[in-house]
Number of protein chains: 2
Amino acid sequence: MKMHNPPHPGEVLRQLCLEPLNLTVTDAARSLGVSRKTLSSILNGHAGISPEMAVRLSIAFNTSSESWLNQQVQYDLWHAEKNRKSLHVDRLSAA
Amino acid sequence: MKMHNPPHPGEVLRQLCLEPLNLTVTDAARSLGVSRKTLSSILNGHAGISPEMAVRLSIAFNTSSESWLNQQVQYDLWHAEKNRKSLHVDRLSAA
DNA sequence: CGGCCTGTAACCATATAGGTTACACTCGTG
DNA sequence: CACGAGTGTAACCTATATGGTTACAGGCCG
């Protein structure tokens with residue numbers, strides 16, 4: 001049921017992609033074709049991974065864009081689920 | 001490789017949830033706790049499914065919020081991938 | 001000291017989700 | 001026919017998010 005607090009995709013990006021290749025944020029941002037600030041925001045958890053960014057990452061690191069966006073979904077959903085009880089929604093399934 | 005044009009999650013929502021229960025857009029919106037316009041925008045493909053909306057759907061229809069957001073990711077990614085060639089990104093994997 | 005890398009603040013443009021209100025259209029039914 | 005219900009959507013507002021540029025302060029190192 002994936003009860004764990006999922007890491008922000010930016011952390012994963014830094015640990016799995018930048019550090020192994022000894023890439024600086026500045027260099028990686030240039031290679032990805034985005035500003036240093038944009039990449040920094042992601043790496044430090046201040047921004048999410050957009051669909052376009054997922055495609056950029058898939059090109060640069062030869063991965064699947066899906067995997068990056070799925071990580072983002074897990075992260076977003078974990079936070080959205082925390083407010084589940086505060087939403088007033090009627091159950092319609094077993095109506 | 002999932003090369004098919006994924007349907008907009010709003011279509012799926014209408015066909016799999018509203019129609020089987022004979023739910024009107026007006027009633028479903030009220031039950032979900034959102035405005036009729038918000039639900040209508042989703043159903044007609046003018047808006048995506050947000051994390052919070054995914055949780056609402058999961059409550060109302062006793063489904064998983066993840067499945068709704070995953071559908072949205074598939075849809076968004078399919079469109080983002082169409083611009084893959086127009087992005088200037090350096091390959092860093094086999095650097 | 002001086003250069004490089006970094007995080008980040010300030011400010012901008014753009015896009016999206018969501019709300020309210022209002023309008024025009026289509027149906028079904030009295 | 002007339003009316004109400006349901007619908008899509010335009011107009012307008014707010015809040016939030018991505019992303020860009022520029023600039024600054026701090027850390028690290030030769």
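Lettering follows sequence order; numbering is per chain, from 1. The structure presented is a predicted model; accordingly, all values stated were derived computationally and were not measured.
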query: Hey, is R84(B) close enough to E81(B) for a salt bridge, meaning N to O under 4.0 Å?
result: yes

statement: From the candidates dG8(D), dT6(C), dG18(C), the one with an atom nearest any side-chain atom of V25(B) is dG8(D)

message: Using heavy-atom distances to pick each residue's nearest nucleotide on DNA chain C, tell me which of H46(A) and G48(B) is more 5'.
response: H46(A)

- line: Picking from dG19(C), dA17(C), dT6(C), the nucleotide nearest the side-chain atoms of A47(B) would be dA17(C)

- prompt: With a 4.0 Å cut-off on heavy atoms, is S50(A) in touch with a base, just the backbone sugar-phosphate, or nothing at all?
  reply: sugar-phosphate

task: Under 4.0 Å between any heavy atoms, over every strand shown, what does T24(B) touch: base, sugar-phosphate, or nothing? Just pick one.
output: sugar-phosphate

- prompt: When we call it a touch if two heavy atoms are under 4.0 Å apart, what does R14(A) touch: a base, just sugar-phosphate, or nothing?
  reply: sugar-phosphate

field: Distance test, side-chain N/O of S41(B) to OP1/OP2 of dA17(C), below 4.0 Å
entry: no

task: Using atom CD of E19(B) as one end and atom P of dG6(D) as the other, report the distance to the nearest whole Å.
output: 16 Å

message: Under 3.5 Å, is there any donor-acceptor pair linking the side chain of R36(B) to the base of dG6(D)?
response: no

- prompt: Cut-off 3.5 Å, side chains only: do W68(B) and T63(B) have a donor facing an acceptor?
  reply: yes

- line: When rounded to whole Å, the CG to P distance for the pair L57(B) and dG18(C) reads 10 Å

- prompt: Tell me: CZ of R30(B) to C1' of dT7(D), nearest whole Å?
  reply: 14 Å

Salt bridge (charged side-chain N to carboxylate O under 4.0 Å, His left out) contacts in which one or both residues fall within residues 42-58 of chain A, not counting sequence neighbours: E52(A)-R56(A)

message: Tell me the interatomic distance from N22(B), atom CG, to dT7(D), atom C1', rounded to whole angstroms.
response: 16 Å

task: Please tell me which of the listed nucleotides, dG19(D), dG6(D), dT8(C), lies nearest to the side chain of I42(A)?
output: dG19(D)

message: Can you measure M53(B) atom CE to dT16(C) atom P for me and round it to whole angstrom units?
response: 16 Å

task: Give the minimum heavy-atom separation between A60(A) and L32(A), together with the two atoms involved.
output: CB-CD2, 3.7 Å

field: Value in whole Å for how far the C1' atom of dG19(C) lies from CD of E52(B)
entry: 13 Å

message: Going by salt bridge (charged side-chain N to carboxylate O under 4.0 Å, His left out), name the pairs with one or both residues in residues 30-47 of chain B, residues two or more places apart or in two chains.
response: D27(B)-R30(B)

- prompt: So what does S35(B) hit on the nucleic acid, given a heavy-atom distance under 4.0 Å: a base, only sugar-phosphate, or nothing?
  reply: base

- request: Nearest whole angstrom, please: distance from the P of dT18(D) to the CG of L69(A).
  value: 12 Å

- request: Looking only at side-chain atoms of S40(B), point me to the closest of dA11(D), dG8(D), dT21(D).
  value: dG8(D)

task: Round to the nearest Å and state the distance from L18(B) atom CG to dT7(D) atom P.
output: 9 Å

